[in-house]
Amino acid sequence: MIIYRLISITLALIIDRAIGDPPHWPHPVRWMGNFISLLDRRLNHGKHKKRKGIVLLLLVTITVLFISLLISWGAYQLHPVAGIIVEAGLIAVTIAQKDLGAAALRVYEPLAAGDIESARYQVSMIVGRDTENLDEKEVTRAAVETVAESIGDGITSPLFWAFIGGAPLAIVYRAVNTCDSMIGHKNERYRDFGWAAAKLDDVLNWIPGRITTFLMMLTNRTPYLNRKEAFKRWYTDAKKHPSPNSGFFEAAVALFLGVQLGGVNYYKGIKSERAHMGISKRELEKRDILHTIKIMQRAVFAFVIILWIGGGVIAAAGAWF
């Protein structure tokens, strides 16, 4: 029943806010990562790498789907309350609101104390770009951009798929996203092998990403622009980003803060230029990390409200017909 899923989603958010992802606890995402690494070593060589990448993706997603379905079904067979609790626990491992906010705070705190070296180290834990030469503004930009783009794949996308298909689909989404993180790179080793994972991750994020960012645009004030101008600028800027989904989050946050995001990044010494997004009304400041965390929290709250409204409509329609 849809109401069970909604209760599980809400309980999962409470669990995540309470305990997050304790580093020394066993975690299904780490097990997924180990499985992906094993398949990477076994399959990523020779010819037909695209096909082998599809095989990896199928093996990972079918395995986690079967296991999560079995666990969820078994729990609901015992009792609906047991099913809700177990589903909530499974969904909780697919989201990272607490850890994302905590990671951003670990960047902000040394910046606030004037310790740029510690801030560089902390931001290196959450970004892929080179960080050893970043100044305060660039460390801040890296943290803000990472929190912004992670609102979707780190929180609202798994919640969306949990709403559609319960914990099993949330787990499948997290498996695809983990595959993309590990093998969905555009370098020589993974360009073909990780193609399927990268494409499927884009597809799975498309609908929840646009729902989330549309809600963000509705529930946040955009300084210096009226609402019509803000929506137009948001959509135009989002299209400049190389990712079909991340750009919508970064463009929205840039507009809310009244700053520009994007610019020059370096990855293993290789220069990468990203188009600027937002409006340059002021310089990016370290306190914008805190503002971005609040934007994330409001976005998640609005998204869950919409899920409850949607679930209520579905339940009412089911009862009527």
Side-chain angles (χ1 to χ4, degrees), residues 9-10 12-13 16-17 20-21 29 32 91-104 126-128 141-165 167 169-182 184 197-220 231 234-235 237-257 261-262 274 277-278 289 291-307 310:
I9 287 169
T10 306
L13 282 167
D16 177 68
R17 288 295 296 269
D21 178 15
V29 175
M32 290 178 201
I91 295 168
V93 305
T94 70
I95 58 179
Q97 183 176 3
K98 180 181 177 68
D99 289 343
L100 184 58
I126 58 173
V127 300
R141 179 169 73 87
V144 167
E145 289 175 352
T146 297
V147 173
E149 68 183 25
S150 298
I151 294 170
D153 60 13
I155 311 168
T156 60
S157 285
L159 293 181
F160 173 82
W161 290 109
F163 176 77
I164 298 298
L169 274 194
I171 292 287
V172 167
Y173 168 80
R174 179 53 61 211
V176 173
N177 185 252
T178 305
C179 286
D180 178 51
S181 298
M182 295 181 66
K199 291 299 182 183
L200 184 56
D201 185 69
D202 287 342
V203 170
L204 294 182
N205 279 297
W206 201 93
I207 294 174
R210 279 149 183 77
I211 293 173
T212 305
T213 49
F214 185 76
L215 288 172
M216 289 168 66
M217 293 298 296
L218 288 177
T219 57
N220 288 274
F231 267 90
W234 164 63
Y235 188 79
D237 282 356
K239 292 296 184 179
K240 300 175 185 177
H241 199 281
S243 166
N245 299 302
S246 297
F248 284 89
F249 289 93
E250 290 189 26
V253 170
L255 288 171
F256 302 152
L257 298 177
L261 297 177
R274 294 281 179 88
M277 293 180 287
I289 296 173
H291 295 160
T292 307
I293 293 172
K294 291 179 180 178
I295 291 168
M296 172 191 70
Q297 292 169 342
R298 286 197 295 269
V300 174
F301 180 77
F303 191 83
V304 173
I305 293 298
I306 288 297
L307 291 185

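Below, each value reflects all heavy atoms present in this structure, side chains not excepted, and no hydrogens, waters or symmetry copies.
Closest of all the heavy-atom pairs between I293 and G101 is CD1-O, 3.7 Å. For V253 against A148, the heavy-atom pair with the smallest separation is CG2-CB, 3.6 Å. Here the shortest heavy-atom pairing between M277 and E250 reads CE-OE1, 3.3 Å. Across all their heavy atoms, P158 and G152 have their closest contact at CD-O, 3.7 Å. Closest heavy-atom contact between F249 and E149: CB-CA, 4.0 Å. For the pair G278 and L255, the tightest heavy-atom approach, listed with the atom from each and the gap, is CA-CD2, 4.1 Å.
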Residue pair F303, I211: steps toward the side chain to side chain contact (heavy atoms under 4.5 Å, CB included) verdict: CA-CA 8 Å; F303 191 83; I211 293 173; 3.8 Å; yes
Side chain to side chain contact (heavy atoms under 4.5 Å, CB included) assessment of V147 paired with I289: CA-CA 8 Å; V147 173; I289 296 173; 5.7 Å; no
Side chain to side chain contact (heavy atoms under 4.5 Å, CB included) between Y235 and M217, intermediate numbers included: CA-CA 11 Å; Y235 188 79; M217 293 298 296; over 6 Å; no
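Partners of S181 according to the side chain to side chain contact (heavy atoms under 4.5 Å, CB included) rule, which considers only residues two or more places apart in sequence or in another chain, are N177. For the ring-ring contact (aromatic ring centres under 6.0 Å, His included) test, no residue two or more places apart in sequence or in another chain qualifies with F301. Contacts of T146 classified as side chain to side chain contact (heavy atoms under 4.5 Å, CB included), with partners at least two apart in sequence or in another chain: I126, V127, S150. Listed by chain and residue number, nothing satisfies the side chain to side chain donor-acceptor pair (under 3.5 Å) test with T213 (two or more places apart in sequence, or in another chain). Every side chain to side chain donor-acceptor pair (under 3.5 Å) that R210 has, sequence neighbours left out, goes to N245. Among residues two or more places apart in sequence or in another chain, the side chain to side chain contact (heavy atoms under 4.5 Å, CB included) test is passed with N220 by M216, F256, I295, R298. For K240, the side chain to side chain donor-acceptor pair (under 3.5 Å) partners at least two apart in sequence or on another chain are D237. Partners of E145 according to the salt bridge (charged side-chain N to carboxylate O under 4.0 Å, His left out) rule, which considers only residues two or more places apart in sequence or in another chain, are R129, R141. In this view, D16 and I95, Q97, K98 satisfy the side chain to side chain contact (heavy atoms under 4.5 Å, CB included) rule, not counting sequence neighbours. The side chain to side chain donor-acceptor pair (under 3.5 Å) test applied to S243 returns S246, not counting sequence neighbours.
Interatomic distance, L257 CG to H291 NE2, rounded to the nearest 0.5 Å: 7.5 Å. Within the model, atoms CD1 of I305 and CG of L215 stand 10.5 Å from one another, a figure rounded to the nearest 0.5 Å. Between the CD1 atom in I306 and the CZ atom in F160 there is a gap of 12.5 Å [rounded to 0.5 Å].
Remark: F214 CZ is loosely packed, at most 12 non-hydrogen atoms of other residues, nucleotides or ligands lying under 6.0 Å away.
Contact check for D180 versus V176: no side-chain heavy atoms found under the 4.5 Å cut-off. Using a 4.5 Å cut-off on side-chain heavy atoms (C-beta onward), L159 and T94 make no contact.
Residue pairs meeting the side chain to side chain donor-acceptor pair (under 3.5 Å) criterion with at least one partner in residues 152-163, sequence neighbours excluded, are T156-T212, S157-N205.
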